[in-house]
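Below is one structure; the comments refer to it alone.
Predicted, not measured: the structure shown is a model, and the values here were computed from it. Each chain gets a letter, A, B and so on, in the order its sequence line appears, and its residues count up from 1.
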Protein chains: 2
Amino acid sequence: MQLTTKGRYAVTAMLDLASNDSSRPVTLDMISQRQNISLSYLEQLFAKLRKASLVKSIRGPGGGYLLNVNPVDITLTEIIEAVDENIDLRRCHGSKNCLRGKQCLSHHLWCEVSDQIRGFLSSRNLQQVIDDYYTNQDIKVKLTV
Amino acid sequence: MQLTTKGRYAVTAMLDLASNDSSRPVTLDMISQRQNISLSYLEQLFAKLRKASLVKSIRGPGGGYLLNVNPVDITLTEIIEAVDENIDLRRCHGSKNCLRGKQCLSHHLWCEVSDQIRGFLSSRNLQQVIDDYYTNQDIKVKLTV
DNA sequence: AAATACCTGACTATTTTACTTGGTTACTAG
DNA sequence: CTAGTAACCAAGTAAAATAGTCAGGTATTT
């Protein structure tokens with residue numbers, strides 16, 4: 001599977017955008033500084049986020065990026081999949097021919113795990129994560145729902 | 001995160017062991033052929049599985065590997081963590097200093113996701129996966145519990 | 001004694017990730 | 001209108017991890 005720095009960066013950057021959600025565009029340079037992510041790498045990620053219509057861009061001075069959708073309507077799965085991280089653990093990637101044309105012993109298992117992760121990430125939107133941060137950042141243990 | 005071929009191979013090999021669970025040891029050569037995994041790679045994985053006391057080995061002719069524990073008592077998390085795949089998505093890996101000494105916006109989120117995955121994989125044991133395979137392999141869709 | 005099969009360590013190829021470089025294009029504030 | 005800003009783009013690279021190989025062992029059994 002892929003669920004690594006790339007996806008984390010994308011989510012982090014989107015969180016930054018969402019929490020500085022003024023009417024004014026946010027530059028990648030600001031995000032780069034605030035979140036400690038290389039500018040050029042951000043550019044690559046935002047090219048993909050833009051193609052996925054999650055953000056819109058404004059060029060020129062005073063320009064930058066804005067969310068294209070309300071933070072409540074952007075799930076984490078959307079962000080992660082937008083930057084190419086496919087949440088699929090199966091060896092065969094769905095073709096069901098993992099082992100000599102047959103479905104392997106653990107095929108169904110990896111489907112379930114992938115579904116679980118995808119399901120969880122789909123159940124969370126940007127706004128929730130931000131709200132969570134401000135209400136729970138000092139609470140040490142929180143039970144998983 | 002790490003949740004890739006290495007962990008899959010380990011689980012697959014353990015499933016093979018568990019389903020051919022006779023009193024006779026199973027050689028890595030057999031697993032290699034049946035599951036289409038390189039022998040030397042299996043040797044590396046089984047060295048780790050043995051250190052984690054999940055399997056025991058018998059040397060010499062007629063030797064091979066046996067499960068060290070009942071398949072009902074081996075969770076998938078145990079197997080995956082035994083081969084070094086740590087299910088931890090956090091940039092800081094727990095130190096909570098993701099961003100300039102502070103906990104980043106998404107810290108709590110990645111904790112939750114990691115917990116979800118670990119929780120799910122811990123809830124499944126080897127025997128369940130095998131049983132699932134034989135009862136569900138033709139059923140196209142199965143609702144996630 | 002010989003065959004079997006585990007065991008070990010080092011080494012290599014491949015892939016992916018994360019990041020860099022060096023530009024071009026669009027826009028706007030002055 | 002022009003200078004500077006910031007998005008956009010393409011290619012290349014460094015580092016790391018993964019997946020696998022190779023060449024030797026060592027222990028056990030037949």
Side-chain angles (χ1 to χ4, degrees), chain A residues 1-13 17 20 24-68 80 83-89 91 93, chain B residues 1-13 17 20 24-68 80 83-89 91 93:
Chain A
M1 170 162 78
Q2 272 76 266
L3 203 56
T4 160
T5 311
K6 201 200 291 188
R8 273 207 308 268
Y9 278 178
V11 171
T12 301
L17 254 193
N20 294 294
R24 302 191 53 76
V26 177
T27 67
L28 292 189
D29 197 46
M30 282 310 295
I31 298 179
S32 167
Q33 287 175 37
R34 276 198 291 256
Q35 306 301 333
N36 206 30
I37 304 172
S38 114
L39 174 61
S40 316
Y41 200 43
L42 275 178
E43 285 180 345
Q44 288 176 41
L45 297 180
F46 271 78
K48 291 176 176 173
L49 293 172
R50 200 170 60 88
K51 272 173 201 147
S53 306
L54 295 176
V55 297
K56 58 189 166 194
S57 64
I58 296 165
R59 292 182 136 196
Y65 283 94
L66 288 169
L67 289 184
N68 196 32
I80 291 168
V83 293
D84 279 358
E85 305 217 305
N86 64 326
I87 303 167
D88 184 354
L89 296 172
R91 191 182 190 180
H93 295 290
Chain B
M1 171 162 77
Q2 269 77 265
L3 203 56
T4 161
T5 311
K6 200 199 291 187
R8 276 209 306 268
Y9 278 179
V11 171
T12 302
L17 255 192
N20 294 295
R24 303 191 51 77
V26 177
T27 68
L28 292 189
D29 197 45
M30 283 308 296
I31 298 180
S32 167
Q33 286 175 39
R34 276 198 292 255
Q35 307 300 335
N36 205 29
I37 304 172
S38 115
L39 175 61
S40 315
Y41 202 43
L42 275 178
E43 285 179 343
Q44 288 176 41
L45 297 181
F46 272 79
K48 290 176 176 174
L49 293 172
R50 198 172 61 87
K51 270 172 202 149
S53 306
L54 295 176
V55 297
K56 57 189 166 194
S57 65
I58 296 165
R59 292 180 137 195
Y65 282 94
L66 288 169
L67 289 184
N68 196 32
I80 290 169
V83 295
D84 279 357
E85 304 217 304
N86 64 326
I87 304 168
D88 184 354
L89 295 172
R91 189 182 189 180
H93 295 290

List the residues meeting side-chain contact (heavy atoms from CB on, under 4.5 Å) with B:S53, not counting sequence neighbours, and say none if there are none.
B:N68
Measure all distances between protein nitrogen or oxygen atoms and nitrogen or oxygen atoms of nucleotides 22-30 of chain D, and list the pairs falling under 3.5 Å.
| unit_1 | atom_1 | unit_2 | atom_2 | d |
| --- | --- | --- | --- | --- |
| D:dA27 | O4' | B:R59 | NH1 | 2.1 |

In whole Å, what is the span from the CG atom of A:L42 to the C1' atom of C:dT20?
14 Å
Indicate the atoms forming the closest heavy-atom contact of A:M30 with A:V26, along with that distance.
CB-CG1, 4.3 Å
Should B:R50 be listed as having a side-chain N or O under 4.0 Å from OP1 or OP2 of C:dC7?
yes
Answer yes or no: does a side-chain N or O of A:T4 lie under 4.0 Å from OP1 or OP2 of C:dA18?
yes
Atom-to-atom span, CZ of A:R8 to P of C:dT17 - whole angstrom:
12 Å
When we call it a touch if two heavy atoms are under 4.0 Å apart, what does A:Y65 touch: a base, just sugar-phosphate, or nothing?
sugar-phosphate
For B:M30 and C:dA5, what is the distance between atoms CE and C1' respectively, to the nearest whole Å?
14 Å
Could you check how far CZ of A:F46 sits from P of D:dA10, rounded to whole Å?
19 Å
CG on A:L49 to CZ on A:F46, rounded to 0.5 Å
5.5 Å
Hey, does the side chain of A:Y9 come within less than 4.0 Å of C:dT17's phosphate (OP1/OP2), counting only N and O?
no
Could you state the atom-to-atom distance from CG of B:L28 to P of C:dC6 in whole Å?
4 Å
In whole angstroms, the gap separating P of D:dA7 from CG of A:L45 amounts to 14 Å
All side-chain contact (heavy atoms from CB on, under 4.5 Å) counterparts of B:L39, not counting sequence neighbours
B:L28, B:D29, B:S32, B:E43
Is the phosphate of C:dC6 approached by B:S57 (side-chain N or O, under 4.0 Å from OP1 or OP2)?
no
Distance-minimising heavy-atom pair for A:A13 and A:L42
CB-CD2, 4.0 Å
Rounded to whole Å, the CG-C1' distance (B:L49 to C:dT8) equals 16 Å
Could you tell me the separation between the NZ atom of B:K6 and the C1' atom of C:dT15, rounded to a whole number of Å?
15 Å
I need the minimum non-hydrogen distance between B:K56 and B:L67, along with the two atoms involved.
CE-O, 3.8 Å
Using only side-chain N and O atoms of A:T27, determine if any of them is under 4.0 Å from OP1 or OP2 of D:dT5.
no
With a cut-off of less than 4.0 Å, is there a side-chain N or O of A:Y41 near OP1 or OP2 of D:dT13?
no
Going from CZ on A:R8 to CD on A:Q35, what distance comes out if it is rounded to the nearest 0.5 angstrom?
13.0 Å
